[in-house]
Protein chains: 2
Amino acid sequence: MIKVLLAEDQGMMRGALALLLNLETDMEVVAQVPAGDRIVDAALETSPDIALLDIELPGRSGLDAAADLREALPECKVLIVTTFGRPGYLRRAMEAGACGFLVKDGPVEELAAAIRRVLAGERVIDPGLAAAALSAGPNPLTPREQEVLTAAVDGATVADIAGKLHLSQATVRNYLSAAIGKTGTRNRMEAVRAARRNGWL
Amino acid sequence: MIKVLLAEDQGMMRGALALLLNLETDMEVVAQVPAGDRIVDAALETSPDIALLDIELPGRSGLDAAADLREALPECKVLIVTTFGRPGYLRRAMEAGACGFLVKDGPVEELAAAIRRVLAGERVIDPGLAAAALSAGPNPLTPREQEVLTAAVDGATVADIAGKLHLSQATVRNYLSAAIGKTGTRNRMEAVRAARRNGWL
DNA sequence: GGCCGGGCAGGACAAATGTCACGGGTGCGA
DNA sequence: TCGCACCCGTGACATTTGTCCTGCCCGGCC
């Protein structure tokens, strides 16, 4: 019997997937988690064979949680299941030790199939996405640039960002300018969107 | 037997929900649609008793589709099932003639229950959300202001927006300024976010 | 040691943005 | 008929933003 941990914040999605997986005769959902910071605890308690992790979770990112899980429970495989097939997400997922990367766009049948393939030792990755991840190259933004850009997502002014990060306004504008340059965009907003699309934040 | 139409762009979610509803002994999913502009056609072909519509769909918004459906197939009930419980969405859904409004956060069991309640003639609405919708008041943005703001979502400059909408740059800035004022925000980006949060776009 | 790349900051400048006051036009309801 | 809200535009203005250039400090690497 394959023991599955399911981390997903949308209740309806989580419930539906759990129900679906429990229908498979050889699978059992042993834990359902709605937040990223509860993944490791739940895993230690139920010791699943595989963990299905969403990326954008409250509390802690699924990618970070994947890395934690790798340490705490190395024998547990990780399969990332996410809405957004961002190249940077895929890259980070692989670096965090995930065995597979699935987008929620595909048909449901893919899910159970992917689980079995991962447990058989295969790596499951959308081929088109893999190509995109490679062609997009690695994250060109320095840690500081990422910080400044993430602080700018919700329309914060330079002064706001400078205050939040304890930087001079001039420095903030320099970082923003650098980020705009590296993303090949024309302003803050486009830079934020581009960085997000690539999974660089 | 209750005939259900399911409109949802995420393949995995769509498949899982369809499977789940088909497990109910008195329900049958007669149509699955991944795009908003195919809802009416599918409904006319299969004449469902109820349509479950996501809001953010490619092609045509689920809210617009709900209004279309109301005209084309008045006997078909509409239940909005969405990720985002934005007050403005709820308001617009009701105006479009929806009989219920469900957020995907809740447990799966709610879904079948809501379907049955809607078909029994009830209106299904999250009480907390209803309060938020009323307290938030109606959409203060004029149609033009909405257009300009939507054109600004992805970081377009004033010149871009003016070109796209065939307006003078000065006019665009006036509309943006008005929108910023009405949303009580400090700049474009915040205005866009605030308007989105309220479901005004 | 010298040579980067990264973090941090300042100044100066052009361009974009946000605000305000002011016009004119239309259509709708009192 | 009048007022009012919305649409569209202009011009002027202060502020913000984005760019470029300069400088300093640090740590890693050849």
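Order of the sequence lines fixes the chain letters, A, B, ..., with proteins taken first and strands second; residue numbering starts at 1 for each chain.
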*Are a donor atom and an acceptor atom from the side chains of A:E56 and A:Y89 found within less than 3.5 Å of each other?*
yes
*asked:* So which atom in B:L73 and which in B:S47 form the shortest heavy-atom distance, rounded to 0.1 Å?
replied: CD2-CA, 4.1 Å
*Rounded to the nearest angstrom, tell me the gap between atom CG in A:L149 and atom C1' in C:dG7.*
17 Å
*What is the distance, rounded to the nearest whole Å, between atom CD of B:Q146 and atom P of D:dC6?*
11 Å
_Counting only side-chain heavy atoms from C-beta out, which of D:dC7, C:dA9, D:dG9 sits nearest to B:P143?_
D:dC7
*Residues in contact with DNA chain D, drawn from residues 191-201 of chain A - heavy-atom cutoff 4.0 Å*: none
Quick test: give all pairs of protein nitrogen or oxygen and nucleotides 18-26 of chain C nitrogen or oxygen below 3.5 Å, distance rounded to 0.1 Å.
residue : atom : partner : partner atom : Å
C:dG18  : OP1  : B:R188  : N            : 3.0
C:dG18  : OP2  : B:R188  : NE           : 2.8
C:dG18  : OP2  : B:R188  : NH2          : 2.8
C:dG18  : N7   : B:R173  : NH1          : 3.1
C:dG18  : O6   : B:R173  : NH1          : 3.0
C:dG18  : O6   : B:R173  : NH2          : 3.1
C:dT19  : OP2  : B:S177  : OG           : 3.0
C:dC20  : N4   : B:N174  : OD1          : 3.0

*For the helix from C:dG1-D:dC30 to C:dA30-D:dT1, what angle lies between the axis at the first five pairs and the axis at the last five pairs, to 10 degrees?*
30°
*B:L111 to B:L52 - nearest heavy-atom pair and separation*: CD1-CD1, 4.1 Å
*Calculate the interatomic distance between A:H166 atom NE2 and C:dG7 atom C1'; express it in whole Å.*
16 Å
*asked:* Could you tell me how far apart A:D160 (CG) and D:dT16 (C1') are, to the nearest whole angstrom?
replied: 12 Å
*Just jot down the side chain to side chain contact (heavy atoms under 4.5 Å, CB included) partners of A:E45, sequence neighbours excluded, or say none.*
none
*Which pair of non-hydrogen atoms, one from A:V103 and one from B:M12, has the smallest distance, and what is that distance?*
O-CE, 4.0 Å
*Between A:K104 and A:E110, does at least one N-O distance fall below 4.0 Å, as a salt bridge requires?*
no
*On DNA chain C, check which nucleotide each of A:Y175 and A:Q169 is closest to and give me the residue with the more 5' one.*
A:Y175
*Atom CD of B:E147 to atom C1' of D:dC7: distance rounded to whole Å?*
11 Å
*Heavy-atom closest contact (A:R186 atom, A:I180 atom, distance)*: C-CG2, 4.0 Å
*Describe the nucleic acid contact of A:T171 in one word from base, sugar-phosphate, nothing, applying a heavy-atom distance below 4.0 Å.*
base
*Under the side chain to side chain contact (heavy atoms under 4.5 Å, CB included) test, residues paired with A:A113 that sit two or more places apart*: none
_Which heavy atom of B:L57 sits nearest to which heavy atom of B:D9, and what is that distance?_
CD2-N, 3.6 Å
*For the pair made of CG in A:L167 and C1' in C:dA9, what is the distance, rounded to whole Å?*
10 Å
*Mind checking B:T142 for me? I need base, sugar-phosphate or nothing, with any heavy atom below 4.0 Å counting as a touch.*
sugar-phosphate
*State plainly whether the residues B:R144 and B:E147 are in salt-bridge range, i.e. N to O under 4.0 Å.*
yes
*Just jot down the side chain to side chain contact (heavy atoms under 4.5 Å, CB included) partners of B:A114, sequence neighbours excluded, or say none.*
B:L79, B:L102, B:V124
